[in-house]
K.L.:
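Dropping a structure here in structure tokens format, bear with me for questions.
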2 protein chains.
Amino acid sequence: MTVVTFWSRRPAAKVGSGYNDPVNSALERPSPRTVLASSTLLGSLAPEQIDALLEHSRLAQAGRGEVIWMDGSEASYLGIVGTGFVKMVRSSAGGQELTAEIMGPGQSFGLLGAIEGTGCPLSARAVSAVWYLRVPKTDFLALYGGNLPLRDHLIRRTTLRLRGAIDMMSRMASGRVEHRIAAVLIQLAESYGVEEADGAMRLEVPLSRQDLAELAGTTVETTIRITSRWTKQGVLKAQYRSLTIQNLGRLLEILGD
Amino acid sequence: MTVVTFWSRRPAAKVGSGYNDPVNSALERPSPRTVLASSTLLGSLAPEQIDALLEHSRLAQAGRGEVIWMDGSEASYLGIVGTGFVKMVRSSAGGQELTAEIMGPGQSFGLLGAIEGTGCPLSARAVSAVWYLRVPKTDFLALYGGNLPLRDHLIRRTTLRLRGAIDMMSRMASGRVEHRIAAVLIQLAESYGVEEADGAMRLEVPLSRQDLAELAGTTVETTIRITSRWTKQGVLKAQYRSLTIQNLGRLLEILGD
DNA sequence: TGCGAACCATGACCGTCGTCACATTCTGGA
DNA sequence: TCCAGAATGTGACGACGGTCATGGTTCGCA
């Protein structure tokens, strides 16, 4: 699971529709079938069901920072990430943004909105350049109606998300920003950490300090202060839009106080 | 729904096992059948299913502050509130407590733990003197397995809870304690507000300032300061373990900033 | 290679709110 | 009726962290 939950205090970053031209993106376009097969939710369907879904599904792309859909709006499809990363954002009154989850390859987004008729409660925004598959709601619902295992999978998934949200909140319970950032980093490491040669954990999500701040519910400045301090202490290697955890144990200590 | 979500900063209040003798409680003991019939989750089952559930279900009571079960522990039953109120609490490292939900008459608690094998992620604690029905997990699961409408109901309920949790978090997004308390009060009013003769909204949950603080994720002192100020301004009538909202519009204004 | 924009970094200032300390009011039970 | 303990209230103080201001660094693109 990838429930990395919290809020932010800053006005929304400007929408990047095209400011990082996706056409020239270095990422290769995956095939729709590959994306669907890699999906944790739909990857294990029967071949004929996959074919049925693929018929109306279309691959799409988004550049870094680009909005895939706004919250409240009635998206007619759900998305499955092929390559890159998408963040699910809740913008509240006052222009603040709350990043609720970060979805990586193989993960699907927009499910809540798809199952109920209602619009998705979260906006989707690309963290990096993204290729994703648009699966029409109607096709998905047709499949979902008569598919008990899929239903059960979904119940489990939703309860896990709820549990994760509660869990994260409790870890965020301390008002200390330092704790919250530590909690976010640990969560990210669990989901997207890749072991380096020297034993460090690199996060394969290209997060800026601003992104991290939105996840931890604080400001860029404070986030920078803390990550810089940790870098000096050898806990973290904070580079340009990139984070590597060098001392996970220390982060856990900080959490426990 | 009753998702009133947040955290606290204070060590757990002392466990009140019996300090408010439940035997002498003014509340009358309801009949198990009444409780089950009033349940939003199970109230609409077929008569024979109700009978089956009642066979092994037992009524239980808890005094104000008493712990019904600890989180993590393997509860063998789920609870349905008959009279009184129960809060679902997550205690995190450092002795802080996070009140995630407040459940009133007709609402069930411990579902997440019942459906998956795992223990419930939240502790249950009585806010006031409570009568509740203990429905054995095994009986519930037997019913649940072959009951599609129940399953669907549960999916909807869980997605609603998730949605509510996200919603609450975004309303809490502002760091201002004042906003958080306003958000909590509004949420409580939606669920448990009763219209008074003079148009004010009395919360039928007997919450102390400490309880309110745990819901808003702050300290008693700050909570008292704010509620006192609001009382002077005529927004709120804050009495002993009792809250009445006199100017809901003003609270909404505070939320919107 | 150079330019502009985003990103990272650091310092100063100050409001909010947590902490401690103590006074006052309310309540339930003996 | 009285009393202990809980609940409410208020003040002082200081730290955490948000805000503003300013400058250095990295990246993408021409």
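Predicted model, so just to flag it, every value in this text is computed and none were measured. Residue numbers begin at 1 in each chain, while the letters A, B, ... track the order of the sequences.
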K.L.:
Give me the bend of the helix from dT1(C)-dA30(D) to dA30(C)-dT1(D), using the axes of the five pairs at each end, rounded to 10°.
P.N.:
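What I find for the helix from dT1(C)-dA30(D) to dA30(C)-dT1(D) is an axis angle of 50°.
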K.L.:
What integer distance in Å separates Q210(A):CD from dA5(C):P?
P.N.:
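Atom CD in Q210(A) sits about 19 Å away from atom P in dA5(C).
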K.L.:
I'd like to know if the side chain of R90(A) and the backbone of L122(A) have a donor-acceptor N/O pair within less than 3.5 Å.
P.N.:
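Not a single qualifying donor-acceptor pair exists.
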K.L.:
Between E178(A) and R229(A), is there a salt bridge with N-O shorter than 4.0 Å?
P.N.:
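Salt bridge: yes.
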K.L.:
Looking at dG9(D), dG18(D), dC7(C), which one has an atom nearest to any side-chain atom of T218(A)?
P.N.:
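Nearest to the side-chain atoms of T218(A), counting from C-beta on, is dG18(D).
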K.L.:
Indicate whether OP1 or OP2 belonging to dA9(C) is found under 4.0 Å from a side-chain N or O atom of S228(A).
P.N.:
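Yes, such a contact exists.
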K.L.:
Apply salt bridge (charged side-chain N to carboxylate O under 4.0 Å, His left out) to E204(A) and list each qualifying residue two or more places apart in sequence or on a separate chain.
P.N.:
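Salt bridge (charged side-chain N to carboxylate O under 4.0 Å, His left out) list for E204(A), sorted by chain: empty.
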K.L.:
Please identify each residue that fulfils side-chain hydrogen bond (donor to acceptor under 3.5 Å, both in side chains) with E195(A), with sequence neighbours left out.
P.N.:
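Result, side-chain hydrogen bond (donor to acceptor under 3.5 Å, both in side chains) vs E195(A): none returned.
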K.L.:
Apply side-chain hydrogen bond (donor to acceptor under 3.5 Å, both in side chains) to Q233(A) and list each qualifying residue two or more places apart in sequence or on a separate chain.
P.N.:
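Q233(A) satisfies side-chain hydrogen bond (donor to acceptor under 3.5 Å, both in side chains) with no other residue.
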K.L.:
Provide, to the nearest angstrom, the distance between the CZ atom belonging to R229(B) and the P atom belonging to dG9(D).
P.N.:
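For the pair R229(B) CZ and dG9(D) P, the rounded distance is 13 Å.
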K.L.:
Can a side chain N or O of R241(B) be found less than 4.0 Å away from OP1 or OP2 on dG28(C)?
P.N.:
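R241(B) to dG28(C) OP1/OP2: no side-chain N or O under 4.0 Å.
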K.L.:
Quick one: does L203(A)'s side chain get under 4.5 Å of S242(A)'s, heavy atoms only?
P.N.:
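With C-beta onward as the side chain, the pair stays apart.
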K.L.:
May I have the distance from L212(A) (atom CG) to dC7(C) (atom P), rounded to whole angstrom?
P.N.:
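Rounded to whole Å, this separation is 14 Å.
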K.L.:
Does OP1 or OP2 of dA9(C) have a side-chain N or O of K232(A) closer than 4.0 Å?
P.N.:
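For dA9(C), neither OP1 nor OP2 has a side-chain N or O of K232(A) closer than 4.0 Å.
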K.L.:
Between T222(A) and R209(B), which is nearer to the 5' end of DNA chain D once each is assigned its nearest nucleotide?
P.N.:
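Its nucleotide being nearer the 5' end, the pick is R209(B).
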K.L.:
Nucleotides 14-16 of chain D: which of its N/O atoms have a protein N/O under 3.5 Å away?
P.N.:
none

K.L.:
By the definition side-chain contact (heavy atoms from CB on, under 4.5 Å), identify the one residue from T83(A), I68(A), L59(A), V35(A) that meets it with Y132(A).
P.N.:
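Exactly one option meets the side-chain contact (heavy atoms from CB on, under 4.5 Å) with Y132(A), and it is I68(A).
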K.L.:
Does any non-hydrogen side-chain atom of V205(A) lie less than 4.5 Å from one of D211(A)?
P.N.:
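No; the side chains remain at least 4.5 Å from each other.
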K.L.:
Compute whether any side-chain donor of one residue and acceptor of the other, for T231(B) and S228(B), lie under 3.5 angstrom apart.
P.N.:
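No, no side-chain donor-acceptor contact under 3.5 Å.
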K.L.:
So which heavy atom on A182(B) is nearest to which on I254(B), and how close?
P.N.:
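Closest pair (atom of A182(B), atom of I254(B), distance): CB-CG2, 4.2 Å.
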K.L.:
Can you check the R64(A) CZ to dC27(D) C1' distance for me, whole Å?
P.N.:
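The answer, rounded to whole Å, is 11 Å.
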K.L.:
DNA chain D: Q239(B) or I226(A), which has the more 5' nearest nucleotide?
P.N.:
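Between the two, 5'-proximity favours Q239(B).
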K.L.:
CZ/R209(B) to CZ/R241(B) distance, rounded to the nearest 0.5 angstrom?
P.N.:
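These two atoms lie 11.0 Å from each other.
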K.L.:
Given that E178(B) and S242(A) both sit by DNA chain C, which one's nearest nucleotide is further toward the 5' end?
P.N.:
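It is S242(A), whose closest nucleotide lies nearer the 5' terminus.
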K.L.:
Give the rounded distance in Å between these two atoms: OH of Y240(B) and P of dT24(C).
P.N.:
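In whole Å, dT24(C) P and Y240(B) OH are 18 Å from each other.
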K.L.:
Would you call the rings of Y192(B) and F85(B) parallel, tilted or perpendicular, taking 30° and 60° as the class edges?
P.N.:
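Geometry flag for F85(B) against Y192(B): perpendicular rings.
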K.L.:
Measure from CD1 on I224(B) to P on dC20(C) and round the result to the nearest Å.
P.N.:
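These atoms are roughly 16 Å apart.
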K.L.:
Would you list the protein and nucleotides 11-15 of chain C atom pairs, both N or O, that sit under 3.5 Å from each other?
P.N.:
residue : atom : partner : partner atom : Å
dG11(C) : N7   : R225(A) : NH1          : 3.1
dG11(C) : O6   : R225(A) : NH2          : 3.2

